[in-house]
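Counting starts at 1 for both ligands and their atoms, in listed order. The structure displayed is predicted, hence computed values, not measured ones.
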Amino acid sequence: MDCLFCKIVAGEIPARKLYEDDQVIAFHDIGAPAPVHFLVIPKKHIATLHDLSEKDDKVLAGHILFTAQRLAEEQGCQDGFRVVMNCNDLGGQTVYHIHMHVLGQRQMHWPPG
Ligand code: 5GP
Ligand code: ZN
């Protein structure tokens, strides 16, 4: 499958990994617009949030969220951080394998652009 993040999961493309288990992997975002910016992704290919199944993926979705929470704290974001999931073209998604952005260590503003 021609998916960038599946290639990172398979180890075919290098990434600066923060965490990995049988269900998820977390790695630093290559763009780094914040001092802390990493991504938590499922190992299973799910293209967009529209494709996440309430029936099949509930435990996985929770695991992504709690992995983000734990790693944010490990990355020094005790004072706050932001999580973002962009969905589809209108939502600003560019890589079609779902991922939770975790951004921190700088002041965030709302709404985003
Ligand atoms: P999206 O716009 O789909 O929500 O976010 C995709 C993110 O993936 C972007 O923040 C982008 O910087 C990041 N990204 C794209 N290609 C790579 C890559 O090859 N390695 C890593 N670590 N991040 C990537
Ligand atoms: Zn994929």
Side-chain angles (χ1 to χ4, degrees):
M1 185 184 296
D2 194 25
C3 168
L4 179 65
F5 286 177
C6 280
K7 287 181 180 158
I8 287 179
V9 169
E12 292 165 16
I13 290 177
R16 290 171 56 218
K17 274 182 214 168
L18 282 165
Y19 177 74
E20 178 171 11
D21 63 26
D22 57 331
Q23 291 180 73
V24 301
I25 180 168
F27 51 92
H28 291 283
D29 192 289
I30 212 167
V36 171
H37 185 186
F38 62 88
L39 306 173
V40 184
I41 73 169
K43 286 193 163 176
K44 165 179 156 180
H45 181 83
I46 300 170
T48 80
L49 270 181
H50 291 302
D51 304 301
L52 192 68
S53 157
E54 186 170 4
K55 177 173 161 284
D56 298 331
D57 299 322
K58 217 168 215 174
V59 171
L60 179 62
H63 188 47
I64 290 169
L65 181 62
F66 288 112
T67 299
Q69 178 203 55
R70 181 175 54 77
L71 293 176
E73 288 164 4
E74 286 177 16
Q75 293 291 304
C77 299
Q78 284 81 1
D79 291 338
F81 59 93
R82 174 171 288 175
V83 298
V84 174
M85 291 185 86
N86 297 323
C87 179
N88 232 331
D89 187 41
L90 201 60
Q93 185 173 4
T94 59
V95 177
Y96 282 77
H97 177 134
I98 61 166
H99 45 280
M100 183 172 281
H101 294 261
V102 181
L103 302 120
Q105 300 276 27
R106 73 165 163 83
Q107 183 59 54
M108 299 294 168
H109 301 282
W110 196 261

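Comment: E20 engages K17 in a salt bridge, judged by a side-chain N to carboxylate O separation of less than 4.0 angstrom. Salt-bridge check for D21 with K43: failed, with every basic side-chain N at 4.0 Å or more from each acidic carboxylate O.
Within the protein, the N, O or S atoms lying under 2.8 Å from the Zn ion (ligand 2) are C3 SG, C6 SG, H45 ND1, H97 ND1.
Tracing side-chain contacts under 4.5 Å through hydrophobic residues (I, L, V, M, F, W, Y), one reaches L60 starting from L49; they form part of the same cluster.
A 4.5 Å side-chain heavy-atom check between F38 and D29 finds every atom pair outside the cut-off. V24 has its side chain out of reach of I41: every pair of non-hydrogen atoms, C-beta onward, lies at least 4.5 Å apart. Side-chain contact check for D57 versus I46: some heavy-atom pair is nearer than 4.5 Å. Inter-residue side-chain proximity for F5 and I25 is flagged as unmet; no heavy-atom pair is nearer than 4.5 Å. With a 4.5 Å cut-off on side-chain heavy atoms, Q75 and L18 count as touching.
Contact detail for I8 and A15: the closest heavy-atom pair is CG2-CB, 3.7 Å.
Ligand 1 places these atoms under 4.0 Å from at least one heavy atom of T94: 1 (P), 2 (O), 3 (O), 5 (O), 6 (C). Which parts of ligand 1 touch F5 is read off a 4.0 Å heavy-atom cut-off, strictly below it: atoms 8 (O). In the vicinity of N86, heavy-atom distances shorter than 4.0 Å reach the ligand 1 atoms 1 (P), 2 (O), 4 (O). Listed by atom number, the atoms of ligand 1 under 4.0 Å from G31 heavy atoms are 12 (O). Short contacts between ligand 1 and H101, defined as distances under 4.0 Å to a heavy atom of the residue, involve ligand atoms 1 (P), 4 (O), 5 (O), 7 (C), 10 (O). Near H28, meaning under 4.0 Å from any of its heavy atoms, are these atoms of ligand 1: 22 (N).
Within the 4.0 Å heavy-atom cutoff, H99 counts among the residues contacting ligand 1. Using 4.0 Å as the threshold, I13 has no heavy atom nearer than that to any atom of ligand 1.
Under 3.5 Å, the side chains of H28 and H37 contain no donor-acceptor pair of N or O atoms.
At a 4.0 Å heavy-atom cut-off, ligand 1 does not touch M85 at all.
Here's the thing with L4: none of its N/O atoms is less than 3.5 angstrom from an N/O atom of ligand 1. Where the criterion is an N or O separation shorter than 3.5 Å, residue side chain and backbone included, G92 meets it with respect to ligand 1.
Under the 6.0 Å distance and 45° angle rule, R106 does not count as a cation-pi partner of F81.
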